[in-house]
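Reading through the structure tokens given below for one structure.
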Amino acid sequence: MTLTAPSKTEVDFASGALSRADYSIQRRLSDMTAMYADRDEAARILAQEGDRLIYEVQGVELPVEEGQIPHCTTRILPGAIGGEFHMTKGHYHARREQGEVYFGLAGRGLLLLQTEDGATSEIEMVAGSAAYVPPYWAHRTVNIGAEDFVFFSVWEARAGHDYGTIERDGFRKLVLLREGRAAVVDNPRYA
Ligand code: S6P
Ligand code: ZN
């Protein structure tokens, strides 16, 4: 067990920038072309418009030990790929029994959740929304607004990330732009 020094990071709500960012991750279209329903359109954008930034994460890194509480921000840029809103990759926690809390800082988002048993849920998030991701629920966030969607996440260090299950099976629901609004529809390709 490490005796960790108390610390503080200043959060810029509009951008998600942290004064103490131990790491930052950029996810571009090329990192997730196969995750969008319209893969042809994703490939076309990549070839003709370049490798657009979809989202970025900045976080405070802590030892992976019981009781440590890592935290980070995520900023998802506005936009869509073939009518499907920009989104995160999404994951289950490697340790399924670990939950998480999301807090909206700016913009408008949708938190998609699903369990391996087939339950699904959607939570709309704006600045000030505190959303709870319970144990056993995979989670993906989607920017359904015209501005950056920014939120803060807090979880237990040992939760870990299982991206492979979502990469293989996808999410049960897609969030599409329909008649100017976000529509949650069944994913026809869900494995
Ligand atoms: C971590 C937490 C979030 C996401 C981040 C990016 O457990 O759920 O901080 O890591 O929003 O999403 P993803 O699916 O690429 O990790
Ligand atoms: Zn998570």
Side-chain angles (χ1 to χ4, degrees), residues 9 11 13 15-18 20-36 51-79 81 84-116 121-127 129-145 148-175 187:
T9 183
V11 181
F13 284 20
S15 68
L18 298 185
R20 171 190 168 182
D22 297 325
Y23 64 92
S24 89
I25 300 166
Q26 274 84 37
R27 296 281 184 222
R28 297 187 172 274
L29 182 55
S30 63
D31 297 315
M32 52 190 306
T33 29
M35 291 188 145
Y36 286 93
D51 199 5
R52 70 166 77 154
L53 180 65
I54 306 286
Y55 65 100
E56 66 180 342
V57 176
Q58 293 190 22
V60 173
E61 194 152 27
L62 293 167
V64 179
E65 290 173 356
E66 179 177 5
Q68 297 281 1
I69 312 287
H71 39 287
C72 76
T73 56
T74 303
R75 173 174 78 103
I76 310 176
L77 283 72
I81 307 290
E84 184 176 13
F85 287 105
H86 284 178
M87 61 190 183
T88 58
K89 290 180 149 197
H91 58 270
Y92 287 94
H93 288 154
R95 291 180 58 150
R96 298 285 195 271
E97 69 276 20
Q98 299 283 358
E100 181 160 6
V101 172
Y102 281 3
F103 187 75
L105 303 179
R108 278 181 60 219
L110 202 60
L111 168 60
L112 286 182
L113 301 116
Q114 68 183 34
T115 67
E116 288 174 299
S121 176
E122 302 99 44
I123 296 177
E124 271 208 55
M125 291 182 67
V126 293
S129 303
Y132 180 47
V133 177
Y136 301 102
W137 289 81
H139 38 291
R140 162 179 281 167
T141 41
V142 182
N143 185 345
I144 58 170
D148 287 351
F149 171 51
V150 186
F151 63 95
F152 188 75
S153 313
V154 181
W155 67 98
E156 212 263 15
R158 295 167 308 161
H161 296 88
D162 166 12
Y163 290 105
T165 303
I166 299 299
E167 280 166 2
R168 188 189 67 218
D169 299 341
F171 250 74
R172 288 174 186 274
K173 300 286 183 183
L174 307 177
V175 188
N187 176 3

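In listed order, ligands and their atoms are each counted from 1.
By the criterion of a heavy-atom distance under 4.0 Å, the side chain of Glu100, and not its backbone, is placed next to ligand 1.
In this structure, OG1 in Thr74 is found 8.0 Å from OH in Tyr55, a value given to the nearest 0.5 Å. Here the OG-CZ distance, from Ser129 to Arg108, works out to 11.0 Å after rounding to the nearest 0.5 Å. For the atom pair Arg172 CZ and Leu113 CG, the distance stands at 13.0 Å (nearest 0.5 Å). Separation of atoms CD (Glu66) and CD (Glu156) is listed at 6.5 Å; rounding is to 0.5 Å.
Rounded to 10 degrees, the OE1-metal-NE2 angle spanning Glu100 and His139 at the Zn ion (ligand 2) equals 90°. Here the angle centred on the Zn ion (ligand 2), running from NE2 of His91 over to NE2 of His93, is 110°, rounded to 10°.
Close contacts of ligand 1 with Tyr163, meaning ligand atoms under 4.0 Å from a residue heavy atom, involve 13 (P), 14 (O), 15 (O), 16 (O). Using a 4.0 Å cut-off to heavy atoms of Cys72, the atoms of ligand 1 that qualify are 9 (O). The Phe151 neighbourhood of ligand 1 comprises atoms 11 (O), with distances under 4.0 Å to a heavy atom of that residue. Close contacts of ligand 1 with His139, meaning ligand atoms under 4.0 Å from a residue heavy atom, involve 8 (O). The contact set between ligand 1 and Thr74, taken as ligand atoms under 4.0 Å from a residue heavy atom, comprises 5 (C), 11 (O). For ligand 1, the atoms closer than 4.0 angstrom to any heavy atom of Ser153 are 3 (C), 9 (O).
The distance criterion of under 3.5 Å between nitrogen or oxygen atoms is not met by Trp155 with respect to ligand 1. Distances between N or O atoms of Tyr55 and those of ligand 1 include at least one value under 3.5 Å. Looking at ligand 1, you won't find any N or O of Arg27 less than 3.5 Å from one of its N or O atoms.
His93 counts as a contact of ligand 1, since one of its heavy atoms falls under 4.0 Å from the ligand.
Considering every non-hydrogen atom in both Thr141 and Leu111, the closest pair reads CG2-CD1, 3.9 Å.
When atom types are taken as modelled, the side chain of His86 and the backbone of Leu77 share a donor-acceptor pair closer than 3.5 angstrom.
Screening Gln68, Glu97, Gln98 against Arg158 for a side-chain contact (heavy atoms from CB on, under 4.5 Å) leaves a single residue, Gln98.
Under the 3.5 Å distance criterion, with hydrogens and angles disregarded, no donor-acceptor pair is assigned to the side chains of His161 and His93.
Salt bridge annotation for Arg96-Glu116: present, with a cationic side-chain nitrogen under 4.0 angstrom from a carboxylate oxygen. Under 4.0 Å is where a charged nitrogen must lie from a carboxylate oxygen, and between Asp31 and Lys89 no such pair does.
From the protein, the heavy atom lying nearest to atom 10 (O) of ligand 1 is His91 CE1, 3.7 Å. The closest protein non-hydrogen atom to atom 8 (O) of ligand 1 is Tyr102 OH, 2.6 Å. What sits closest to atom 12 (O) of ligand 1 on the protein, heavy atoms only, is Thr88 CB, 3.5 Å.
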